[in-house]
Structures are given as C-alpha cells and as structure tokens.
2 protein chains.
Amino acid sequence: MATLADVARRAGVSPATASRVINGSSKPVADELRERVLRAVAELRYVPNAHAQLLARPQRSVVGVVVHDVSDPYFAELTRGLQRVATDRGRLVIICNSYRDPERELEYVEMLRGQQVAAIVLAGSGYHDADFTARLTEKLAAYEATGGRVAVVGRHEHPGDAVMPANDVGGRLLAEELLRLGHRQIGVIAGPQVLTTITDRLGGLRAALAEAGAPLPEEHIRYADFDRDGGARAAAALLDACPGLTALVALNDSMAVGALALLRQRGIRVPEQVSVVGFDDMPVAADVTPTLTTVRLPLVELGARAMTLALDPAGGGPRVEVLPATLVRRESLGPAPR
Amino acid sequence: MATLADVARRAGVSPATASRVINGSSKPVADELRERVLRAVAELRYVPNAHAQLLARPQRSVVGVVVHDVSDPYFAELTRGLQRVATDRGRLVIICNSYRDPERELEYVEMLRGQQVAAIVLAGSGYHDADFTARLTEKLAAYEATGGRVAVVGRHEHPGDAVMPANDVGGRLLAEELLRLGHRQIGVIAGPQVLTTITDRLGGLRAALAEAGAPLPEEHIRYADFDRDGGARAAAALLDACPGLTALVALNDSMAVGALALLRQRGIRVPEQVSVVGFDDMPVAADVTPTLTTVRLPLVELGARAMTLALDPAGGGPRVEVLPATLVRRESLGPAPR
DNA sequence: CGCTGCCAGGAAAGCGCTTACCTGAACACA
DNA sequence: TGTGTTCAGGTAAGCGCTTTCCTGGCAGCG
C-alpha cells in the first residue's frame, strides 16, 4: 500500500507539501509541485489511510447508529431518515444491528466510542430490564462526558435528547376506532413483553378500552415474536382459546400480515367475520388482501429528527420531541358482526 | 477522552504494561499490576482508540460491502447471508448503499480502501457502461494489488471471484411455464435498461420464447423504475398499448406487486383475465392476493458464498459460482384465457 | 548594497497505540 | 563471591498522517 511518503518521494517534494496538495490545504503550493504530486498520486493509486488521518487530525465526522435490524422495514424507513440528514451534512454513517440482543447493543456502543464517532443514535424499543438500562445509561454518559453526542428514538428511559413516536396514542386510536365499529371482544397479538414499545402500544389500547367500559382481559393478549410467523402463531392461539373474538389487534404490521395469512388459511373472512388491524403502516399494508387498517408512524421523519438532534450542538437540557401517530383506514377493519 | 497513557499513569505502570493487560498479551504480567491496570481502566472508563490500534497493528479485520440499498428486501436478504458468514468469522461489516449511482459506488470503493478493509464485496447488478466498468475494474485491481480481496455478486463483467444468480435461467423458467399454460401475448415489465440484471433476465425470457416460435416484440417491453410504482406505471402503459396481452412478466417482485395493484384498480381479474409473474420470491410474494408466481433466487446463500470467497485466501484463478433459480408456482399465473 | 519582510517549502513534533528490544533484579550454580 | 540465566517490566521506535514552526531565497526599500 503506497503511503504519503512514497508519493512525496516520487514527486520529489516533502510529505508536508504532498499532504497540502492532497487535502487542498489553504497554504499555497506552486503549480509545478502540485502537478507533480497529483501525477504521483495517480501513478501510485494512492489513497490516504483513513485511520492515520483520524489520528493526526481528530476531526470526528462519522456517526454511529444502532438499530434492531436494518432489513426490518420499520428500521429501513427510520434509517432512510437518519441517512438523509447525515448525508446532507456530509457525515458518514455506521449502522449496527443489535438483533434485539441487549448485550450486543452494549458492545456496539463501546465499539462506536472506540471508533471516535461524533454521535451515536440508538433507535428502537428499549427493554424492561433495569440492570441493562443502567449499564447502557452509564456507558452513554461516559461517552457524552468526552464530548460525544447521543440521541435516541423511542426510549423514554434514556435521560437525554430523544424523539418519541406516539405509541400510546396509536394504541388509543385503534381502540377508539374498534369501539366505534361495535367491537367488544378484542384479541391482541403482541410482540415480546420485554420491549417497552409493546408496553406503550398496549397501554394506550388498554386505557382507551377500560375508559369505554370494555376492559381488556389478560387472556385476550398473546405475546410472540415480533414478526410474521409470530403473528400467525399468536392469532391461532387466540382464536383457539377465545372463539368469540371479533377483532384482532396486531402490534405491528408484520404480525398482522401473519394473522391475515392464518385467517385465510382457516377460511375465516376478513373483515366480515373477524377484523384485523396492524401498527406502523409498512408498505406491505397496502398490498395485502384485504388491505390493512393500521396506525401510521412518521418513521422517516422520526429518523431525520433524531439525526438532527444528534448533530446539532447539545441544548441546555434534554430535548424530547413526540411525533404523532395517525389512523389509516383500509379494508381489514369492518363493523363487528351481529 | 482518556488515553492509554492516562491509564498507565493512574495505575503507576508503563504504557507497555497497560497495553499488555488490556489486550491480553501473551507476555506475563504480575497479578498486582494487572489488577491496578484494570481498576484504572474501569475508573477512567477507558476505551482504546480504534484508529490508533489499527495504525499500530495493521491487522485488517473489517470488510466492506457495497449494495444498492439494504432496505430493499432483495439486498436485505443478501446482506443477511453476508453478515452471517462475516460474524461467524469475527469480522465486522461496513455496509454502503450506492442507491444505484455508479459514481457513488466508485467513491465507496475508494473510501473502503482508505479504511484498510480486509475485503470488499460488491453486490447487485452491474451497469451497461463501459467507461464506468473500466474505472471500477481498475480501482478494484489497485486494491487487490495491495493485498485486498474482492468478491462480487451478480456481475459477470468483473474479472475475479464472483457468485452469480442464474438470472437467465430464471427468465427461461418463467417463459417455459407461460408457454405451457398457453400464453402467447406476453408483456414484460422491466427495470432500468442500464442494469445487466435486466438484460440477463430478459435474455433468458426472450431466448426461450423465440425458441418456441413466439418471439417477444420490442413493443411488449416497458422499462421503468425497479420498484412498486415503476411496476404499476409500466403495467398501465402496456395494457393501454397492447390490449391483447394475457400475461405480464415483471422482472422483480416489487414491480409485480405494483402491477397487481394496478390491475385490481382497473378491475381486471388475476389470473382469469391476465396472469402476472414476478422475480426474486421476496417475502411479500406470498402475502399479496393473488399470491405471486415467481422465481426464487437463493439470496441468503448467495451472500454467504460471496463473503466466503472474499474471506478465503485467493484461489489460483477467478472462482465463479452460479447458484440456481427455481420456479415457485402460486396463484397469479393461470392458463391463458380463451 | 544592506536590511527588512514575505512566503513557499521543509523539518519535525506529535496523534494513541503496539511491540521489539533492553534493563536490572532475582536466583542458581560453580 | 562471581558469573550466567531468566524474566517481569520499561524504553523507545514507528505505524501514516497533519500541522506548527522554522528556513532560506527573493523582492522591495532606504
């Protein structure tokens, strides 16, 4: 691998001059020398060693992002927003998938710190795990103490800059719409109980139902993996255990799609016999049959705001922004039968 | 930010000893000192500067991956395979999205070289652009000349280790199945003409149709963006221009889903009036209505093989592996009407 | 013609780390 | 007691780069 010294030698100049030419320093360099340096760069196919540059000029320009899984459409959209802002500001982004493993999340924060990133964005549900939360908070604090910036998406347990989707409001919106259409026997297809997002969504749902005098019994809730198969399994379990249900609320669209598949397989018509609603308004929601009634979260915007908070200089206190949830009415929700 | 020197000072040892303790060097260190160093590390919340480490011990451990867009399900699956192998071998992966911009692809290769990555994996269709291809090849050659490893997915124009999906065979499979079911008036919803993947898939399709005496007229092909909306637009254009078509072949599943949406919107029944087939067998293919007949590509496997090639020591000559395409029969393809 | 001021270019000091090499204490042996 | 070994721990070089500071040549001035 050619080094700057090689380039300088070949061009017959000092490393200092070569560096100045290559980085477009403000210090003037004679055209003759500049020319020679550029020729040497081309001939040697020289590319500066990024690590050496970072060491010599500690100019933190990359930002780290920790998500559960970029290939999950939810995070794909979120990431699009994050990327857009980062790119606009000339920042490179390192994306890390925790795959919902808290330990891995901790490791990544450590790793990003070692990489001297300018900021860390943590996106995706937190965990109901006081020990983990404390360790994470302490690691982030250590990072911030040395000038690092942190922003989180959807983690109220983090004491700092945060962008929050209105998960509880989304749950409420669904509950109100279901009640309006006469549903009283409602089953919930929930993701892992350990995720705070689940608690939030479920909380809104539960509160609205209780206020309307139709409290949600615990046995109408099934916790499963936060994906298509989990949704199908939970739907099957619910239908078997509680045959009287007129509606199924899935706490994300993947699970809802799984539920739809199971219902189709069992020959149960949606929404005539059982209604199904989802959460997130992923692209697939408009393509399944029947199209899915769901709650839209402004994911791209959420990501963009989080990156903005992370890149802007720290404010006085923690800045918390809540972005609204909206109901999207489609075909999978109809009036309760009878 | 605390440095190794700070740790050493606080522990009352030399930087060398501190380094040895922290990295678990084979050189023995007295328990007393080891203890003091570890305490200092904890107290100062010390994390080694990754760049300094990489400079001092040029041990290339990370590998770079350039894809069109990880959030596209095609690349999401491919990436899963890449990641799996990389993680198994203890390698970190940097993912770069080119968003199908050849210039950006070039920049990323350069950037990854500067990052001293151990290997670069380039995934996703190549471009019909001789100038770009030459520049890319030359950049990759420069990288390989200094010991870097390169593997590509689906780019026959790259002279080196490659993993290829059988795109042409996939096209053939679709054509043969369509012919078997009596279709003769076939429209093609193609992605950007500049992508070699499109040429390959179209090539197989065209050849099989021609061999069967039902050559594909150029006006039955529409090129559009490689996504859902592009599919819908191309389907509309085809139906308007050629009312006699009995089948629509979309060159990926996203476009097929767009076509299905358009047909539903126009009240055209699938597959009774018009059949639709896709390509790739994305998860969504099983969830749309009707479910989508398509060609499956072993994407995870493709990614895993590519990463394996990239991490294994270079072979004698270029190693090229072709992975098979298989037809997945679902509801959206039926016999030609009449 | 001698002095000052200016400026292009170079020498060299680090950035934070690893590691080859050196040092000196402790011990064994003659 | 003197010499040789051994080995824990320290010293310092160097990874590839940037940048401060210095140098030496030249123009401009009195």
Side-chain angles (χ1 to χ4, degrees), chain A residues 1-38 40-41 44-62 110-111 113-118 146-148, chain B residues 1-38 40-41 44-61 110-118 146-148:
Chain A
M1 191 83 181
T3 71
L4 183 66
D6 297 333
V7 171
R9 202 170 311 124
R10 182 172 194 116
V13 301
S14 73
T17 302
S19 171
R20 294 200 260 258
V21 170
I22 290 167
N23 298 300
S25 142
S26 62
K27 186 143 184 170
V29 173
D31 287 349
E32 153 76 14
L33 296 194
R34 170 182 312 280
E35 185 56 34
R36 293 218 305 263
V37 170
L38 293 178
V41 165
L44 295 174
R45 295 141 144 188
Y46 170 74
V47 178
N49 181 320
H51 303 290
Q53 279 187 313
L54 251 109
L55 239 206
R57 160 168 29 93
Q59 173 212 83
R60 315 175 153 199
S61 100
V62 355
E110 198 91 343
M111 190 272 270
R113 196 143 94 83
Q115 292 288 332
Q116 316 293 110
V117 296
T146 59
Chain B
M1 190 83 181
T3 72
L4 183 67
D6 297 332
V7 171
R9 203 171 309 123
R10 182 172 194 116
V13 301
S14 74
T17 302
S19 171
R20 295 200 262 257
V21 170
I22 290 167
N23 298 301
S25 142
S26 62
K27 187 140 183 170
V29 173
D31 286 350
E32 154 77 15
L33 295 193
R34 170 181 312 280
E35 185 58 32
R36 295 219 303 263
V37 170
L38 293 178
V41 165
L44 295 174
R45 292 141 146 190
Y46 170 74
V47 177
N49 181 320
H51 303 289
Q53 280 187 313
L54 251 110
L55 239 205
R57 158 164 38 89
Q59 175 211 81
R60 313 171 157 207
S61 99
E110 198 92 345
M111 191 270 270
L112 290 171
R113 197 143 95 81
Q115 292 288 332
Q116 316 293 110
V117 296
T146 59

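Order of the sequence lines sets the chain letters (A, B, ...), proteins ahead of strands, with each chain counted from 1. All of these numbers come straight from a predicted model, not from anything done at the bench.
- Using a 4.0 Å heavy-atom criterion, one finds that B/Leu33 contacts the sugar-phosphate atoms exclusively.
- In the set C/dC17, C/dT19, D/dT18, C/dT19 carries the atom at the smallest distance from any side-chain atom of B/Ala16.
- One can place CG of A/Asp31 at 11 Å from P of C/dA8, the figure rounded to the nearest angstrom.
- Distance CG (B/Asn23) to C1' (C/dC17): 9 Å, rounded to an integer number of Å.
- The nearest whole Å value for the distance from the CG atom in A/Leu44 to the P atom in D/dC17 is 12 Å.
- When the nucleotides D/dG10, D/dG16, C/dG10 are ranked by their closest atom to the side chain of B/Arg20, D/dG10 comes out on top.
- For the pair B/Arg60 CZ and C/dT18 P, the interatomic distance rounds to 19 Å; values are reported in whole Å.
- Of the candidates D/dT11, D/dC17, C/dA8, the closest approach to any side-chain atom of B/Ser14 belongs to D/dT11.
- Of the inter-residue distances, the one linking B/Arg113 atom CZ with A/Asn49 atom CG reads 11.0 Å to the nearest 0.5 angstrom.
- Considering only side-chain atoms of B/Lys27, the nucleotide from D/dG16, D/dA8, D/dT11 that sits closest is D/dA8.
- In this structure, B/Pro28 and B/Pro15 both approach DNA chain D, and ranking their closest nucleotides by distance from the 5' end singles out B/Pro28.
- Relative to the side chain of A/Pro48, the nucleotides C/dT18, C/dA8, D/dC17 differ in distance, and D/dC17 lies closest.
- In the set D/dG16, D/dT11, C/dG16, C/dG16 carries the atom at the smallest distance from any side-chain atom of B/Ala52.
- When the nucleotides C/dG9, D/dT18, D/dG14 are ranked by their closest atom to the side chain of B/Ala56, D/dG14 comes out on top.
- In this structure, B/His51 contributes its side chain and A/Ala52 its backbone to no donor-acceptor pair below 3.5 Å.
- In this structure, A/Arg9 atom CZ and D/dG16 atom P are separated by 11 Å, rounded to whole Å.
- Picking from C/dG16, C/dG10, C/dT18 the nucleotide with the shortest atom distance to the side chain of B/Arg57 gives C/dT18.
- Between B/Gln53 and the phosphate of C/dG16, there is no side-chain N or O to OP1/OP2 separation shorter than 4.0 Å.
- Once rounded to the nearest 0.5 Å, the distance linking CZ of B/Arg34 with CZ of B/Arg20 reads 11.0 Å.
- Using a 4.0 Å heavy-atom cutoff across all strands shown, B/Pro58 reaches no nucleic acid atom at all.
- Between B/Ile22 atom CD1 and C/dG16 atom P there is a gap of 14 Å when expressed in whole angstrom units.
- Remark: P of C/dC17 and CG of B/Leu4 are 5 Å apart, rounded to the nearest angstrom.
- Counting any heavy atom pair closer than 4.0 Å across all strands shown, B/Ala30 reaches sugar-phosphate atoms only and no base atom.
- The phosphate of D/dG9 has neither OP1 nor OP2 within less than 4.0 Å of any side-chain N or O from B/Thr17.
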Q.
Could you go through A/Thr146 and B/Arg45, starting from their C-alpha distance and side-chain angles, then the distance that decides it, and tell me whether this counts as side chain to side chain contact (heavy atoms under 4.5 Å, CB included)?
A. CA-CA 10 Å; A/Thr146 59; B/Arg45 292 141 146 190; over 6 Å; no
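- When rounded to the nearest whole Å, the span between CD of B/Gln59 and P of C/dG16 equals 21 Å.
- Of all heavy-atom pairs between A/Tyr46 and A/Thr3, the closest is CE1-C, 3.5 Å.
- For D/dC15, neither phosphate oxygen OP1 nor OP2 lies less than 4.0 angstrom from any side-chain nitrogen or oxygen of A/Asn49.
- Here the shortest heavy-atom pairing between B/Arg36 and B/Gly12 reads NH2-O, 3.5 Å.
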